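Just below is one structure, and these are the notes that go with it.
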Amino acid sequence: MTKTSGAFKVSAMVLAVIALAGIGTWIYQLMGGLGVTGMNNGTSWGLYIACFMLFVGLSAGGLIVASAASVFNIADYKKVSMPAIILSTICITLAGLFVLVDMGGVHRVFNLLLHPNITSPLFWDVCIILIYLVINIIYIVFMTSKNGDEQARAKRLAILSRIALPAAILVHSVTAWIFGLEIAREGWYSAIMAPLFVVSAMDSGLALLLLALAGLNKTGVFKTEEKLISKLAVLMMACIAIDFFLVCCELLTMAYPGAGGAEILTIMFSGATAPFFWFEIIAGLVLPFLLLSFAALRNKVGVVVFASALVIVGVMCKRLWLLLSSFVEFNVQGASGVIAGSSTSAHASGVDAFALVSSYMPTWVEIVIVVGFVALGILAFMLMTSKLLTKKTDAKLEDIDAKERASA
Amino acid sequence: MTKLGIAINLDRCTGCHACAMACKMQNNVPSGMQWNRVLTEGSDIVDGAVGEFPNLSRTYRPVACQHCENSACLKVCPVGATYKDEEGRVLIDYNKCIGCRICMAACPYNARVFNWNEPVRNPDFNYGDSRVPVRPKGVAEKCTLCKERTTDGELPMCVLCCPSKARTYGDLDDGNSDVSKKIRENGATQLLAELGTKPQLYYFG
């Protein structure tokens with residue numbers, strides 16, 4: 001499919017309309033305040049922060065594959081470096097947008113530069129996300145640049161990828177520390193958060209890359225061999241296994257003392273976040289692992305696409321149970337609990353304005369904004385791939401591969 | 001150094017919520033928000049009793065910002081809007097706050113409330129002390145230990161208005177202050193002391 005084809009235009013138009021609806025809804029939220037969301041004083045973070053966590057992960061996964069290809073000289077992966085880096089750039093931009101949309105005082109956001117507090121994990125995250133975005137953009141520039149000879153270009157990429165790989169791991173670790181360093185939240189305060197986030201980033205990021213490659217294959221913008229797709233699927237399978245292992249380590253540590261952690265486990269196993277927890281374990285980890293563990297199934301693109309979709313939805317579910325389970329119960333309990341402060345409770349009177357346990361349900365505003373941003377991301381992906389993934393780039397990359405192999 | 005704090009005698013607390021109302025009036029706290037709330041401990045309903053007849057008990061615990069010495073909210077604020085002043089109070093610079101709410105996630109006591117909407121007040125005017133700044137939508141707020149009053153040497157409103165004199169306010173760094181004596185003599189404890197946040201609010205009785 002070429003850039004000018006009808007289907008491309010129609011889908012781009014539809015995505016643009018959805019994205020505009022999302023942006024319009026954001027303006028509506030800015031006018032009314034965050035009260036138009038389902039968040040409240042008990043559950044003070046919701047869908048936006050869950051999406052932020054998801055998209056940082058989706059981004060890190062892409063760049064890890066792209067830069068690992070160069071750092072460890074994995075020739076096969078280099079072929080998909082460009083789509084991986086495009087995905088990574090788009091996802092980190094979306095992640096940043098989700099933080100901005102979650103802020104109550106976005107017009108004062110420049111205070112992050114004027115009055116930074118270096119002990120804040122959120123400030124670390126702002127720094128690393130900006131650095132990471134810049135690295136992504138330089139990566140794209142380097143990969144498409146025509147300056148210098150092939151050798152010099154390959155060398156520049158090799159140097160950049162040695163910075164990009166640790167940055168990709170760090171960007172997700174720092175995101176994990178926003179949660180993992182909060183002693184107030186039993187379900188977050190754990191050293192496993194950073195490794196767990198990194199491995200979730202790897203499996204969901206690879207899953208997104210596989211979906212994108214399958215999509216590009218179908219539209220003919222960019223061709224990837226089926227062999228490489230099943231090879232990447234094996235890597236994803238390994239990440240799923242590590243993800244599962246880390247989740248189990250955390251669950252056992254929470255359950256064993258039978259104290260505060262066990263209360264949160266009850267919420268995850270049979271309480272408000274149980275649907276997300278069980279979906280992630282069964283459909284997001286076990287099922288895709290089983291599907292991909294059979295070579296016969298793994299070699300079918302359809303199966304890989306299905307497993308990848310499950311992994312992404314599973315990781316989204318993980319973000320939700322991880323984030324929300326720790327908000328449900330208050331450390332200091334007693335009637336009448338915490339004054340909710342939500343839009344619904346503002347019109348309530350007496351004890352109805354309070355909550356003994358916190359609850360949260362996203363409103364249409366949050367859903368429209370999230371869907372709009374995702375549409376914006378897909379649109380950006382379509383435009384960037386049609387512009388940057390020309391046959392010429394493809395050939396040039398293979399050329400660089402050949403040159404590097406020759407020099408090695 | 002001054003380290004302001006409050007010690008609360010739970011035996012004297014009758015659960016009348018006067019401190020919560022006094023705080024709301026003084027600090028112009030909008031509808032749907034409270035800086036100071038009185039919890040009925042171990043119960044699902046306000047003024048509920050705990051246990052089986054005839055072994056019943058009923059205790060109240062007023063909870064507000066604990067003005068922690070090692071405050072979790074202060075560390076995580078990305079713009080330094082939350083700060084500890086020279087008197088040992090944990091305060092918020094409303095002009096700096098970007099409304100990211102990481103402080104609310106970090107506070108173990110759920111002491112903070114957020115201006116989710118444009119603040120609504122009943123009656124429809126600013127009823128608080130004129131020295132207290134009016135907060136816009138999109139910022140977090142909480143107990144300031146009545147900064148505007150205590151800076152001028154007055155008592156915090158919750159301390160002044162408590163009809164059973166359950167609250168003692170003063171300088172924790174001064175061993176001879178009333179609050180230090182109360183804490184020492186009654187073996188007062190801190191809320192969730194095991195977390196190491198070192199609250200400057202103490203409870204006894």
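Given the structure is predicted, the values throughout are model-derived calculations rather than measurements. Convention: sequence-line order gives letters A, B, ...; per-chain numbering from 1.
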What residue in A:Asn40, A:Ile178, A:Leu181 has the most heavy-atom pairs under 4.5 Å with chain B? A:Asn40

Considering only heavy atoms and a distance below 4.5 Å, find which of A:Tyr189, A:Phe123, A:Phe110 pairs most often with chain B. A:Phe123

Testing the 3.5 Å rule here: is there a donor-acceptor pair between the side chains of [X] and [Y]?
{"X": "B:Ser180", "Y": "B:Ser177", "answer": "yes"}
{"X": "B:Lys75", "Y": "A:Asn117", "answer": "no"}
{"X": "B:Asn28", "Y": "B:Arg121", "answer": "yes"}

Dump the intermediate steps for side chain to side chain donor-acceptor pair (under 3.5 Å) on A:Thr37 and A:Thr363, then the final yes or no. CA-CA 5 Å; A:Thr37 69; A:Thr363 59; 5.7 Å; no

Between B:Leu39 and B:Tyr60, is a side-chain contact (heavy atoms from CB on, under 4.5 Å) present by the stated rule, with each step listed? CA-CA 6 Å; B:Leu39 299 179; B:Tyr60 297 102; over 6 Å; no

Could you go through the ring-ring contact (aromatic ring centres under 6.0 Å, His included) check for A:Trp45 and A:Tyr360 one step at a time? CA-CA 9 Å; A:Trp45 278 341; A:Tyr360 164 74; over 10 Å; no

Which answer fits A:Leu356, side chain, backbone, both or neither, if we ask what part of it has an atom under 4.5 Å from a heavy atom of chain B?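 The side chain, not the backbone.
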
Would you mind checking which part of A:Trp124 comes under 4.5 Å of any heavy atom in chain B, side chain (CB onward), backbone (N, CA, C, O), both or neither?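 Looking at A:Trp124, nothing touches chain B.
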
If you tally heavy-atom pairs under 4.5 Å against chain A, which of [options] wins?
{"options": "B:Cys77, B:Gly80, B:Gly48, B:Ser43", "value": "B:Cys77"}
{"options": "B:Val46, B:Val139, B:Ile102", "value": "B:Ile102"}
{"options": "B:Ala105, B:Ala106, B:Ala140", "value": "B:Ala105"}
{"options": "B:Pro78, B:Pro108, B:Cys107, B:Gly42", "value": "B:Pro78"}

Does the Lys NZ or Arg CZ of [X] fall within the cation-pi geometry relative to [Y] - under 6.0 Å from the ring centre and within 45° of the axis?
{"X": "A:Arg185", "Y": "A:Phe179", "answer": "no"}
{"X": "A:Arg319", "Y": "A:Phe52", "answer": "no"}
{"X": "B:Arg101", "Y": "B:Phe114", "answer": "yes"}

Could you list which of residues 94-106 of chain A have a heavy atom closer than 4.5 Å to any heavy atom of chain B, in residue-number order? A:Asp102, A:Met103, A:Gly104, A:Gly105, A:Val106

Report which part of B:Cys100 has an atom under 4.5 Å of a heavy atom belonging to chain A: side chain, backbone, both, or neither.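 For B:Cys100, the contact with chain A is made by backbone and side chain together.
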
Contacting moiety of B:Val113, where chain A heavy atoms sit under 4.5 Å: both

Measuring centre to centre across the rings, with the benzene-like ring taken for any Trp, is A:Phe197 within less than 6.0 Å of A:Trp177?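 No; A:Trp177 has its ring centre 6.0 Å or more from that of A:Phe197.
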
Would one find more than 12 heavy atoms of other residues, nucleotides or ligands at under 6.0 Å from atom CG of A:Leu114? yes

Within 6.0 Å of OH in A:Tyr256, more than 12 heavy atoms from elsewhere: no

side-chain contact (heavy atoms from CB on, under 4.5 Å) between B:His67 and B:Leu4: does it pass, once the steps are laid out? CA-CA 9 Å; B:His67 295 276; B:Leu4 296 176; over 6 Å; no

Criterion side chain to side chain donor-acceptor pair (under 3.5 Å) on A:Thr175 and A:Asp125, from CA distance to verdict: CA-CA 6 Å; A:Thr175 304; A:Asp125 214 32; 3.2 Å; yes

What do the steps show when you test A:Val56 against A:Val171 for side-chain contact (heavy atoms from CB on, under 4.5 Å), and what is the final call? CA-CA 7 Å; A:Val56 174; A:Val171 77; 4.3 Å; yes

Do the side chains of A:Glu329 and A:Ile267 get nearer than 4.5 Å, heavy atoms only?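 Side chain of A:Ile267 against side chain of A:Glu329, heavy atoms only: contact under 4.5 Å found.
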
Residues in residues 181-202 of chain B near chain A [non-hydrogen atoms, under 4.5 Å]: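 Hits under 4.5 Å: B:Leu191, B:Leu192, B:Leu195.
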
If the contact rule is any heavy atom under 4.5 Å from chain A, which residues of residues 81-98 of chain B qualify, in numerical order? B:Tyr94, B:Asn95, B:Lys96, B:Cys97, B:Ile98

Begin with the C-alpha distance, continue with both residues' side-chain angles, and end with the deciding distance and a verdict on side-chain contact (heavy atoms from CB on, under 4.5 Å) for A:Val328 and A:Ser358. CA-CA 5 Å; A:Val328 176; A:Ser358 184; 5.6 Å; no

Tell me which donor-acceptor pairs under 3.5 Å the side chains of residues 6-19 of chain B have, and how far apart each pair is, sequence neighbours excluded?
from, atom 1, to, atom 2, distance (Å)
B:Asn9, OD1, B:Asp11, N, 3.0
B:Arg12, NH1, B:Ser164, O, 2.6

